[in-house]
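All ligand and atom numbering here is 1-based and tracks the order in the structure.
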Amino acid sequence: MKALHFGAGNIGRGFIGKLLADAGIELVFADVNQVVLDALNARHEYPVHVVGEQAQVEIVTGVSAVNSTSDDIVTLIAEVDIVTTAVGPQILERIAGSVAQGLAKRSDNGNVRPLNIIACENMVRGTSQLKQHVLKALPQQYHAWVEEHVGFVDSAVDRIVPPSEAGSTDPLEVTVETFSEWIVDKTQFKGALPDIPGMELTDNLMAFVERKLFTLNTGHAITAYLGQLAGHATIREAILDQKVRAVVQGAMQESGAVLIKRYGFDAEKHAAYIQKILTRFENPYLKDDVERVGRQPLRKLSAGDRLIKPTLGTLEYQLPHASLVQGIAAAMHYRSEADPQAQELASLIAQKGPQAALAEISGLDANSEVVSSVVSAYHAMA
Ligand SMILES: NC(=O)C1=CN([C@@H]2O[C@H](COP(=O)(O)OP(=O)(O)OC[C@H]3O[C@@H](n4cnc5c(N)ncnc54)[C@H](O)[C@@H]3O)[C@@H](O)[C@H]2O)C=CC1
Ligand SMILES: O=P(O)(O)OC[C@H]1O[C@](O)(CO)[C@@H](O)[C@@H]1O
């Protein structure tokens, strides 16, 4: 079996690529970072530091790499059995063109072996979104063939993988937490279901995607935003601040109440899930900057993402949302010189004021009670 994985970054090397290679699948990474590509092709292996009570270094072997903008991609897509991505939601559209060309070539070559494509991004049904981009880029004559032979499989991916410590000189080294969860929608595969240790199959993916995105990611983002406002540099420092922790826990509980209503999760098990996440945020072996976790605030404040979607759920079921409101207000204060979305957020708020800016970014009604609560909280925080 052969796989092509787009994005040899933290989650690519530290999680998805590692699982594929560990399963004995021949793995080629596609990326645009020449330093990483050269190192992968020179060494064909890299170290993964799994940190926890019992730290260990695991070596991923037998890997190679190609430039994601080269024609190699087209050739590979025509021949591999599985394609995965961990590039970031905004990059999916950019890789869709070469994925489409590869699928056309696969069809022209008469390769009817099933191909499955799995986007591993922090987004709801990211693979389905990639599929739409691919179909847009693919001539109509191939669409029926793709529907028959290519599975676009949605997934939920959970492992905290911050960039390696600043002191590391190895561009391939990656540090990961012990916990990991990769859940895929088994109803969307073409051909036999793959047997990859660490990949879990479900026929109820939406519940798992929302449970992860609207608990871990909701809590993580709010930890980052409140943490930055309180002057903390890392997630661990922030979550150990009792004032931050109370709001983060409250927001995860508010979001959890929606998930319990919507998907029928067991309330006690969900409370334990939240507690486990809080301990993961405290992980003393990971240095995870609030700036990384808060990155791209416009995406995180968009209608379907980790702050607004759970809040909309509380409105739907008439449930409390005071902590989520605090989290949204804190997100609007997020600043990062290195993050174009943080700059855009600041200038939108400066131009239009917080009420109109929030309505524009999130799709919430500018005159709603919830926007007015966020704006009051925003001013109180300033
Ligand atoms: N790091 C984490 O703990 C987790 C991240 N995720 C998700 O995984 C995705 C990737 O996140 P990270 O690995 O943290 O980011 P990252 O920035 O470490 O990795 C992204 C990689 O994609 C590459 N890339 C950019 N443009 C590309 C292109 N056109 N073609 C191929 N490669 C390209 C970058 O050079 C980089 O190596 C995101 O959607 C993130 O939300 C999900 C769960 C955990
Ligand atoms: O990768 P994103 O969507 O920018 O958000 C950062 C989040 O992703 C993760 O890296 C992994 O789930 C979390 O650490 C964090 O909640």
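Among all non-hydrogen protein atoms, the one lying nearest atom 41 (O) of ligand 1 is Asn122 ND2, 3.0 Å.
Shown in contact with Ala30 at under 4.0 Å from a heavy atom are these atoms of ligand 1, numbered in order with element: 31 (C), 32 (N). Less than 4.0 angstrom separates some heavy atom of Lys300 from each of these atoms of ligand 2: 2 (P), 3 (O), 4 (O), 5 (O), 6 (C). Ligand 1 places these atoms under 4.0 Å from at least one heavy atom of Cys120: 8 (O). Counting atoms of ligand 1 from 1 in the listed order, those under 4.0 Å from a heavy atom of Val87 are 22 (O), 31 (C), 32 (N), 33 (C).
For residues 102-112, the side-chain hydrogen bond (donor to acceptor under 3.5 Å, both in side chains) pairs, not counting sequence neighbours, are Asp108-Tyr142.
Taking distance alone, with nitrogen or oxygen atoms compared against 3.5 Å, Arg299 stays at or beyond that limit from ligand 1. Checked against a 3.5 angstrom limit, the closest N/O atoms of Glu121 and ligand 1 fall inside it.
Within the 4.0 Å cut-off (strictly below), a protein heavy atom is located near atom 29 (N) of ligand 1.
Heavy atoms of Gln296 found under 4.0 angstrom from ligand 2: none, in either backbone or side chain.
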Side-chain donor-acceptor pairs of residues 227-237 under 3.5 Å, sequence neighbours excluded:
unit_1, atom_1, unit_2, atom_2, d
Gln228, OE1, Arg335, N, 3.0
Gln228, NE2, Arg335, O, 2.7
His232, NE2, Asp241, OD2, 2.8
Thr234, OG1, Glu237, N, 3.1
Arg236, NH1, Glu282, O, 2.5
Glu237, OE1, Ala233, N, 3.1

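In this structure, Met332 is a member of the same hydrophobic cluster as Leu348, with clusters built from ILVMFWY side-chain heavy atoms closer than 4.5 Å.
Residues Glu316 and Lys261 are not paired through a salt bridge, judged by the lack of any N-O separation under 4.0 Å between the basic side chain and the carboxylate.
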